[in-house]
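Note that the structure is a prediction, hence the values are computed from the model and not measured. Basis for what follows: all heavy atoms, side chains included, without hydrogens, waters or symmetry-related copies.
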Amino acid sequence: MAMRQTPLTCSGHTRPVVDLAFSGTTAYGFFLISACKDGKPMMRQGDTGDWVGTFLGHKGAVWGATLNKDANRAATAAADFSAKVWDAVTGDEMLTLAHKHIVKAVDFTQDSNNLLTAGQDKVLRIYDLNKTEAEPLEISGHSSGIKKALWCNGDKQILSAADDKTVRLWDRASMTEVQTLNVASPVSCVEYIPDGEIVVLTYGKTVAFHSALSLELIKSFDAPASINSASLHPEKDVFVAGGDDFKLYKFDYNTGEDLESYKGHFGPIHCVRFSPDGELYASGSEDGTLRLWQTTVGKTYGLWKCVLPGRYILVFKCTFLSLQCDPLLYLNRGLDSSKECFWCV
């Protein structure tokens, strides 16, 4: 009997969720941050979706959000012409970085000493977080607003994608452009995979994989619908993608075969990312929710519990905004000889 994918729904946002990012794995697990047009980025426990906190301070839609690898710092990019750095443990605002236009992207270096920002003014900025009074370094070259910007190649280079239908690779030391990739339509998503130096791009119905060192094409696949975001599994065997048809697709990375597709959101999917352990992937949608999906359906992990028939399982009703789980009921299922799975929903 095929097992049914049942995502965990993380409520709390009141407008479309447009970006999300996982931290690295810490002593307390890994964490997830979401950016939303309601102006209130949220941090959650990455494996369960449990709400940890909301960062309050922006006065406009938040377009980008990220956590450093240790999950003790967060950064956000917003329509109020600012990027902010936060203490991710206390939720306190540490720094506001004023810009000349809407900010769309933020990214920490691996040592968390520098922050990269980019946005509608077409400029990449590098801030030294240890010298907050210093002016940022600036790199120009795009002819339209920048949607995504990431550190890559050991923080020695920068990847950027803009509405001018280009992806560009920049050298940090010389502040010059190294390579330019022209694509058929504006890029909607950029994911950087350090292990293997792979860049994942989405534009139109295309999911493309390029070398992060040269921007040379490795492989590309076309999806059934317009795709807004894609993510490659840490093992590089599958990738997931979501877009305008409300569906999440899982594809075989080697062959491009469509392995699975699921509906759960009630609006277009704007962002999707695998967790650092690869056990789940998170999606954010126009419907204002985040959803967590199992990579292997039926596996016991986080709040998903797989039990044999005839066993009792305690199902919890989770209130994600209060971090409280109340016992709801006991279930006794012994009607089928195959495994059955129950989820906390």
Which pairs of donor and acceptor atoms, one on a side chain in residues 101-108, lie under 3.5 Å apart (sequence neighbours left out)?
| unit_1 | atom_1 | unit_2 | atom_2 | d |
| --- | --- | --- | --- | --- |
| Asp107 | OD2 | Trp151 | N | 2.9 |

Same apolar cluster (I L V M F W Y, side chains within < 4.5 Å links), [X]/[Y]:
| X | Y | result |
| --- | --- | --- |
| Leu115 | Ile126 | no |
| Leu232 | Ile218 | yes |
| Leu150 | Leu137 | no |
| Val297 | Leu248 | yes |
| Leu181 | Tyr192 | yes |

[X] versus [Y]: any side-chain heavy-atom pair under 4.5 Å?
| X | Y | answer |
| --- | --- | --- |
| Arg73 | Asp87 | yes |
| His210 | Leu201 | yes |
| Cys152 | Val199 | no |
| Trp63 | Lys37 | yes |
| Leu124 | Ile146 | yes |
| Val240 | Trp293 | no |
| Leu129 | Asn113 | no |
| Leu169 | Asn153 | yes |

task = Describe, in one word, how the ring planes of Phe22 and Phe30 are oriented to each other, choosing from parallel (under 30°), tilted (30 to 60°) and perpendicular (over 60°).
result = perpendicular
Residue pair [X] / [Y]: nearest heavy atoms and the distance that separates them:
| X | Y | value |
| --- | --- | --- |
| Glu260 | Asp258 | O-OD1, 3.2 Å |
| Asp252 | Thr255 | OD1-N, 3.0 Å |
| Ala21 | Leu67 | O-CD1, 4.4 Å |
| Arg44 | Met42 | NH2-SD, 3.4 Å |
| Gly57 | Glu93 | CA-OE1, 4.3 Å |
| Ala71 | Thr26 | CB-CG2, 4.0 Å |

Test item: side-chain donor near acceptor, [X] and [Y], under 3.5 Å:
| X | Y | value |
| --- | --- | --- |
| Thr295 | His233 | no |
| Gln294 | Tyr281 | no |
| Asn182 | Thr166 | no |

Out of curiosity, [X] [atom1] to [Y] [atom2], how far, rounded to the nearest 0.5 Å?
| X | Y | atom1 | atom2 | result |
| --- | --- | --- | --- | --- |
| Asp121 | Arg125 | CG | CZ | 4.0 Å |
| Lys40 | His58 | NZ | NE2 | 13.0 Å |
| Asp47 | Phe31 | CG | CZ | 9.0 Å |
| Asp163 | Ser144 | CG | OG | 6.0 Å |
| Cys10 | Leu290 | SG | CG | 5.5 Å |
| Ile198 | Lys236 | CD1 | NZ | 5.5 Å |

Would you say the side-chain atoms of [X] pair up with the backbone N or O of [Y], donor to acceptor, closer than 3.5 Å?
| X | Y | value |
| --- | --- | --- |
| Ser285 | Gly267 | yes |
| Thr48 | Leu303 | no |
| Asp38 | Thr14 | yes |
| Thr202 | Ala230 | no |
| Gln110 | Lys69 | no |
| Ser82 | Thr96 | no |
| Asp19 | Ala65 | yes |

task = Take Arg273 and Cys189, measure what side chain to side chain contact (heavy atoms under 4.5 Å, CB included) needs, and give me the verdict at the end.
result = CA-CA 11 Å; Arg273 284 292 180 270; Cys189 165; 3.6 Å; yes
task = Using the side chain to side chain contact (heavy atoms under 4.5 Å, CB included) rule, take Phe274 and Val238 through it: C-alpha gap first, then chi angles, then the decisive distance, then the call.
result = CA-CA 10 Å; Phe274 272 108; Val238 296; 4.2 Å; yes
Lys219 NZ/CZ over Tyr253 ring centroid, <6.0 Å and within 45° of normal =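 Judged by the rule (NZ or CZ under 6.0 Å from the ring centre, within 45° of its axis), Lys219 counts as positioned above Tyr253.
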query = Can we say Lys84 and Asp80 salt-bridge, meaning some charged N sits less than 4.0 Å from an Asp/Glu carboxylate O?
reply = no
request  = Could you check Phe55 against Val62 for side chain to side chain contact (heavy atoms under 4.5 Å, CB included), going step by step and ending with a plain yes or no?
outcome  = CA-CA 11 Å; Phe55 300 102; Val62 175; over 6 Å; no
inquiry  = With side chain to side chain contact (heavy atoms under 4.5 Å, CB included) as the criterion, how do Asn228 and Ile269 come out once you've worked through the C-alpha distance, each side chain's angles and the decisive distance to 0.1 Å?
reply    = CA-CA 7 Å; Asn228 296 323; Ile269 295 166; 5.7 Å; no
message = Would you say CD of Glu235 has more than 12 non-hydrogen atoms from neighbouring residues, nucleotides or ligands within 6.0 angstrom?
response =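 Open: at most 12 neighbouring heavy atoms sit under 6.0 Å from CD of Glu235.
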